[in-house]
Visitor: 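Below is a structure I'd like to ask you about.
Predicted model, so just to flag it, every value in this text is computed and none were measured.
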Amino acid sequence: MFLSRYFGRTLLAAAKSETSAAAAAATSSVRTGYNPLEEFFELDRSKDDDKPVVYGRGWKASELRLKSWDDLQKLWYVLLKEKNMLMTQRQMLHAQNLRFPNPERIPKVRKSMCRIKHVLTERAIEEPDPRRSAEMKRMINFL
């Protein structure tokens, strides 16, 4: 009885591994594996695209004042990720003696980040509770 359980489990495990290996091979041929470092690089455009890429503008302080604390914090990290991606791309192209396309994007991101800090500081100053205000200022300085 012990042997039949052991061999049954072994055969079952072997069958599962074969099916999972076949499924993995099928999915790997469809798409490449996910690499988290790819988030630091912008997707390459094909050379056939005639239209120039138009990037958006920076955030205005008046727009940021309408957002909640959580939304501003999420936006901060989105902008931080964008800034890291742009700086990585700029450094990589600089090392290859290539021109960085659309260098005006970095100041837009930096200004937006400064404006978020400004709006959060305004909210911390307007906070009537001094303890909460001090806590908010510490969080802002941490950003």
Side-chain angles (χ1 to χ4, degrees), residues 4-143:
S4 64
R5 281 187 189 171
Y6 176 74
F7 286 120
R9 288 182 185 164
T10 306
L11 292 174
L12 183 63
K16 282 184 182 178
S17 67
E18 286 179 5
T19 58
S20 65
T27 57
S28 67
S29 64
V30 174
R31 69 174 180 90
T32 59
Y34 172 72
N35 185 356
L37 292 177
E38 290 176 358
E39 294 181 11
F40 287 102
F41 300 98
E42 194 171 33
L43 297 175
D44 291 332
R45 292 178 21 136
S46 67
K47 307 250 188 251
D48 300 335
D49 293 342
D50 293 333
K51 294 186 238 177
V53 177
V54 178
Y55 295 99
R57 60 176 175 76
W59 285 86
K60 295 179 182 177
S62 59
E63 296 170 337
L64 295 171
R65 286 187 186 100
L66 301 175
K67 299 210 169 281
S68 70
W69 180 277
D70 292 333
D71 288 343
L72 289 175
Q73 197 168 17
K74 289 175 188 174
L75 182 59
W76 173 268
Y77 284 107
V78 167
L79 289 171
L80 183 64
K81 193 173 177 180
E82 178 76 11
K83 179 180 154 193
N84 285 338
M85 187 265 306
L86 291 172
M87 300 292 275
T88 303
Q89 185 181 16
R90 183 178 74 175
Q91 185 64 31
M92 182 186 69
L93 292 172
H94 180 71
Q96 297 173 357
N97 290 328
L98 296 173
R99 191 179 68 83
F100 179 59
N102 299 32
E104 69 275 0
R105 290 172 63 192
I106 294 174
K108 288 179 187 178
V109 171
R110 282 187 181 149
K111 286 179 185 176
S112 295
M113 292 174 82
C114 288
R115 289 178 183 141
I116 289 175
K117 270 189 150 179
H118 179 75
V119 168
L120 291 175
T121 304
E122 286 176 349
R123 289 183 187 178
I125 291 171
E126 292 173 1
E127 179 65 36
D129 184 18
R131 288 183 185 162
R132 183 167 159 88
S133 176
E135 181 182 341
M136 290 169 74
K137 288 177 184 175
R138 275 195 303 274
M139 288 177 66
I140 294 165
N141 288 335
F142 182 71
L143 292 177

Visitor: Do Met113 and Arg110 come close enough that some side-chain heavy atom pair is under 4.5 Å?
Guide: no
Visitor: Drop me the distance from Leu79's CG to Asn84's CG, to the nearest 0.5 angstrom.
Guide: 11.0 Å
Visitor: Taking everything shown except Arg57 itself, do over 12 heavy atoms lie less than 6.0 Å from its CZ?
Guide: yes
Visitor: Measure across Pro101 and Gln89 and return the closest heavy-atom pair with its distance rounded to 0.1 Å.
Guide: CG-NE2, 4.5 Å
Visitor: Please round to the nearest 0.5 Å and tell me the distance separating atom CD1 of Ile116 and atom NZ of Lys74.
Guide: 13.0 Å
Visitor: Working to the nearest 0.5 Å, report the span between CG of Asp71 and CG of Leu64.
Guide: 10.5 Å
Visitor: Kindly compute the distance separating CE (Met136) from CG (Asn141), expressed to the nearest 0.5 Å.
Guide: 12.0 Å
Visitor: Just wondering, do Arg99 and Leu93 contact through their side chains at under 4.5 Å, heavy atoms?
Guide: no
Visitor: In the structure I gave you, are the side-chain heavy atoms of Trp69 and Gln73 within less than 4.5 Å of one another anywhere?
Guide: yes
Visitor: State the CZ-OG1 distance between Arg90 and Thr88, to the nearest 0.5 angstrom.
Guide: 10.0 Å
Visitor: Nearest 0.5 angstrom please: Glu127 CD to Glu122 CD, how far?
Guide: 14.0 Å
Visitor: Please examine the side chains of Met85 and Arg105, heavy atoms only from C-beta on, and report whether any two atoms are closer than 4.5 Å.
Guide: yes
Visitor: Decide, yes or no, whether a salt bridge links Glu63 with Arg115 under the criterion of side-chain N to carboxylate O below 4.0 Å.
Guide: no
Visitor: Below 4.5 Å, heavy atoms only, C-beta onward: do Trp59 and Lys67 meet side chain to side chain?
Guide: yes
Visitor: Is a side-chain N or O of Ser133 found less than 3.5 angstrom from the main chain of Ala124, in a donor-acceptor match?
Guide: yes
Visitor: So, Thr121 side chain and Lys117 main chain: donor-acceptor pair closer than 3.5 Å or not?
Guide: yes
Visitor: State, to 0.1 Å, how close Arg123 and Arg65 come at their nearest heavy-atom pair, and which atoms those are.
Guide: NH2-O, 3.0 Å
Visitor: Taking atom NZ of Lys111 as the centre, does the number of heavy atoms from other residues, nucleotides or ligands within less than 6.0 Å exceed 12?
Guide: no
Visitor: Is it the case that atom CZ in Arg132 sees more than 12 heavy atoms from other parts of the structure closer than 6.0 Å?
Guide: no
Visitor: Taking the side chain as C-beta and beyond, is there a heavy-atom pair between Trp76 and Leu120 under 4.5 Å?
Guide: no
Visitor: Can you find a heavy atom in the side chain of Phe100 that is under 4.5 Å from one in the side chain of His94?
Guide: no
Visitor: Taking all atoms of both residues into account, what is the closest heavy-atom pair of Gly58 and Ser112, and its distance?
Guide: CA-OG, 3.4 Å
Visitor: Taking side-chain contact (heavy atoms from CB on, under 4.5 Å) as the criterion, tell me which of Lys81, Met87, Glu82 meets it with Val109.
Guide: Glu82
Visitor: Do Ile125 and Lys137 have side chains that get closer than 4.5 Å, going by heavy atoms?
Guide: yes
